[in-house]
Amino acid sequence: MKQVDFLVIGSGLAGLTFALKVAEAEPDKQVMVITKAVENEANSHYAQGGVAAVTNFRLDSFEKHIEDTLIAGSYLCDPQVVELVVKEGAQRVQDLIKLGVPFDKTQEGELDLGLEGGHSAPRILHFKDTTGAAILSVLLEKAKHQPNIEILTHLFALDLLVSGDHDKVCQGAYTLDTASKSLLTIQASVTVLATGGSCQVYSSTTNPLVATGDGVAMAYRAGADVRDMEFIQFHPTSLYNPGKSPAFLITEALRGAGAVLRNARYQKEFMYDYDERGPLAPRDVVARSIHHEMKKHGDDFVYIDARHLGDQKLKDHFPNIVRTCKQLGYDLTTDLLPVVPAAHYFCGGIHADTQGRTSIANLYACGECAHTGLHGANRLASNSLLEALVFGYRAAEDSLEQFDRITSQTGRLADVTQAASTPVEAQWVADQTGILKSIMGKYAGIVRNENELLQAQKQLLAISSKTEAVYVRSYPTQSLCELRNLLTVAQLIIRDALQRKESVGLHYME
Ligand SMILES: Cc1cc2nc3c(=O)[nH]c(=O)nc-3n(C[C@H](O)[C@H](O)[C@H](O)COP(=O)(O)OP(=O)(O)OC[C@H]3O[C@@H](n4cnc5c(N)ncnc54)[C@H](O)[C@@H]3O)c2cc1C
């Protein structure tokens, strides 16, 4: 058993923002950040396009960013949350600049602001097309030099340590050291879920393998309020490369820079047939238009055409895409690139209030695993890094304020013991995970209907019952626990999709 003041589960942008803020404010308190893989294996590392924030008040305003966010979210966002994220987000990106994140600048030395779908002004701060990696490496470096932060890798959070029946209190987490295969109980005054996304519930996804919805599933098992799981953003353009997970993302900024979409059959530019905003329509509109266009012609993909942007512009602004595509045999200046929509972002999750507090005392949630009310029925592009920054910071502020009250509540706990010892067959877990993903892709993807959702519900219940039976008699492995978590996430998606009868935002019912 270990005891710390703050336990942060997840080393992405939300988790590190929280950890740095509390550690700097309280140098005598111990902050432990755990992550199930290596430190930077997180959705945050893969973010390409950038962070949306109002920094140029000649071209932009808070009001415009607020309105764009509300429109993208079909006005199902919480307006108070939208306002605070937009306004405080502008300060949080200034913090990043002060820390040394090298956002791209124009020749005149101003921030080079990108334009993305749904934004009425250029406001995306970026570093080439590897913005997330640039931010995360600066934060990780800082965290490693902060004496009271300990970062433990390959430590998988299994479940939250929660006491109380009605007034539940979180006191840490049970974890599995995946290298030594030993169990470890971590008792903490404050626990933060910053476990990122859940899109590995689909086989076609841009999310790395770690995005298995563990935080959402753990919180749900512990009795937390989980909301809006039906709103899943499918990124319109991931590279068509069957069998490869995660799918390589072709950033929206490429369309912002002028690339267009053509159908595979006739190479016809089709987006204006669906929406007057053409290739810069919001992501859900573009993803559904592609889905329609593929279905209409029986094609497996559509093309993105960036040939006219020119070699220099492509290399300057999209070096990562140019390089990766080249390795796969595509030259963006001469070739059309085959693309398909892929599951990309979860708007729903563990409900958290404006301070990041969940419905369980002393448990905070921030970043992609949280539902704060910012996104409503759809996320405006590049608002998620912003949300992770703002809520990581807010949760830290609140937990610092609450700390003395929290510590007086916590008592010593029993250590975790493992009764079951039967090893689980890895192949069985892989097979069930494959079946789960194919059910979700077939029945609960971009376009849904009630019959298919019910069908999915039935099939998921069957796999879930089998998995629970295996789980209780087996020694936990990471893949078995992830399967269990993905099943919980999948069932929550179906639950919420069935409850919302009308099509709105990312939830489209036939
Ligand atoms: C390809 C791609 C491109 C994107 N581009 C953009 C963009 O341009 N702009 C934008 O705003 N957003 C973008 N996003 C979304 C954005 O990256 C994420 O929403 C955001 O980074 C989430 O940050 P986070 O800190 O909440 O989670 P993450 O960065 O995903 O971090 C989660 C952490 O939790 C850990 N973890 C998970 N489960 C466990 C467990 N059981 N035990 C221990 N550790 C665990 C993971 O290992 C990881 O360290 C993109 C996403 C992807 C995948």
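In listed order, ligands and their atoms are each counted from 1. All heavy atoms count here, side chains included; hydrogens, waters and symmetry mates do not.
Glu468 and Arg484 are joined by a salt bridge, as a carboxylate oxygen and a charged side-chain nitrogen come within less than 4.0 angstrom of each other. For Arg123 and Asp60, the salt-bridge test passes: some basic side-chain N is under 4.0 Å from an acidic carboxylate O. At a threshold of 4.0 Å, the pair Lys142-Glu24 counts as salt-bridged, since one of the basic side-chain nitrogens sits closer than that to a carboxylate oxygen. Checked for salt-bridge contact, Arg92 and Asp95 meet the test: a charged N lies under 4.0 Å from a carboxylate O.
Ligand 1 has Leu155 within reach: a non-hydrogen atom of the residue lies less than 4.0 Å from it. Contact analysis puts Ile9 in contact with ligand 1, with a non-hydrogen atom separation below 4.0 angstrom. Distances from ligand 1 to the non-hydrogen atoms of Leu13 include at least one value under 4.0 Å. In this structure, Ser382 has a heavy atom closer than 4.0 Å to ligand 1. Ligand 1 lies within reach of Arg379, whose nearest heavy atom is under 4.0 Å from it. Within the structure, ligand 1 lacks Gly215 among the residues with a heavy atom less than 4.0 angstrom away.
Relative ring orientation between Tyr202 and Phe234 is described as perpendicular, the plane-to-plane angle rising above 60° on a 0-90° scale split at 30° and 60°.
Of the residues Thr175, Asp214, Thr153, the one that meets the side-chain hydrogen bond (donor to acceptor under 3.5 Å, both in side chains) test with Lys36 is Asp214.
Atoms of ligand 1 found under 4.0 Å from any heavy atom of Leu249 (numbered from 1 in listed order, with element): 1 (C), 2 (C), 3 (C). The atoms of ligand 1 that sit less than 4.0 Å from any heavy atom of Gly367 are 26 (O). Contact atoms of ligand 1 toward Tyr345: 19 (O) (distance under 4.0 Å to a heavy atom of the residue). Every atom of ligand 1 is numbered from 1 in the order shown, and the set under 4.0 Å from a heavy atom of Phe156 is 41 (N), 42 (N). Applying the 4.0 Å criterion to heavy atoms of Glu41 picks out, from ligand 1, the atoms 46 (C), 47 (O), 48 (C), 49 (O). Close approach to Glu368 involves these atoms of ligand 1, each under 4.0 Å from a residue heavy atom: 18 (C), 19 (O), 22 (C), 26 (O). Close approach of ligand 1 to Asp214 (heavy-atom distance below 4.0 Å) involves ligand atoms 38 (N), 39 (C), 40 (C), 41 (N). Heavy-atom contacts of Ala14 reach the following atoms of ligand 1: 25 (O), 26 (O) (cutoff under 4.0 Å).
Looking only at side-chain heavy atoms (C-beta outward), Leu84 and Val390 come within less than 4.5 Å of each other. Val85 places none of its side-chain heavy atoms less than 4.5 Å from the side chain of Asn383. Counting heavy atoms from C-beta on, the side chains of Ile151 and Glu39 come closer than 4.5 Å.
Between Ala157 and ligand 1, at least one N/O pair is under 3.5 Å apart. Taking distance alone, with nitrogen or oxygen atoms compared against 3.5 Å, Gly49 approaches ligand 1 more closely than that limit.
For atom 37 (C) of ligand 1, the nearest non-hydrogen atom of the protein is Thr195 O, 3.3 Å. Residue, atom and distance of the protein heavy atom nearest to atom 53 (C) of ligand 1 are Asn207 ND2, 3.3 Å. Ranking protein heavy atoms by distance to atom 30 (O) of ligand 1, first place goes to Asn43 N, 2.9 Å. Scanning all protein heavy atoms for the shortest distance to atom 47 (O) of ligand 1 gives Thr35 OG1, 3.0 Å. Atom 35 (C) of ligand 1 has as its closest protein heavy atom Gly10 CA, 3.6 Å. Summary of contacts: the protein heavy atom closest to atom 27 (O) of ligand 1 is Gly196 CA, 3.2 Å. Nearest protein heavy-atom neighbour of atom 9 (N) of ligand 1: Gly50 O, 2.8 Å. For atom 44 (N) of ligand 1, the nearest non-hydrogen atom of the protein is Lys36 N, 3.1 Å.
Taking CD of Glu67 as the reference point, atom NE2 of His119 lies at 13.5 Å (rounded to 0.5 Å). To the nearest 0.5 angstrom, Ser359 atom OG is 8.0 Å from His351 atom NE2.
In this structure, His375 has its ring center under 6.0 Å from that of Tyr345. Annotation: Phe391 is not in aromatic contact with Tyr393 [ring centroid separation under 6.0 Å not met].
Of the listed residues (Ser384, Ala52, Ala42, Ala370), the one carrying the non-hydrogen atom nearest atom 10 (C) of ligand 1 is Ser384. Heavy-atom proximity to atom 6 (C) of ligand 1, evaluated over Ala47, Pro208, Ala253, Ala342, is greatest for Ala47. Taking all heavy atoms of Ser44, Cys366, Gly12 into account, the minimum distance to atom 23 (O) of ligand 1 is reached by Ser44. Of the listed options His45, His344, Glu482, His344 places a heavy atom closest to atom 50 (C) of ligand 1.
Within a 6.0 Å radius of OH in Tyr220, other residues, nucleotides and ligands contribute 12 heavy atoms or fewer. The number of heavy atoms from other shown groups lying within 6.0 Å of NZ (Lys181) does not exceed 12.
Every residue two or more places apart in sequence or in another chain that forms a salt bridge (charged side-chain N to carboxylate O under 4.0 Å, His left out) with Asp225 is listed here: Arg227.
Heavy atoms of Ala194 found under 4.0 angstrom from ligand 1 belong exclusively to the backbone. The residue His126 has no part lying near ligand 1, judged by heavy-atom distances below 4.0 Å.
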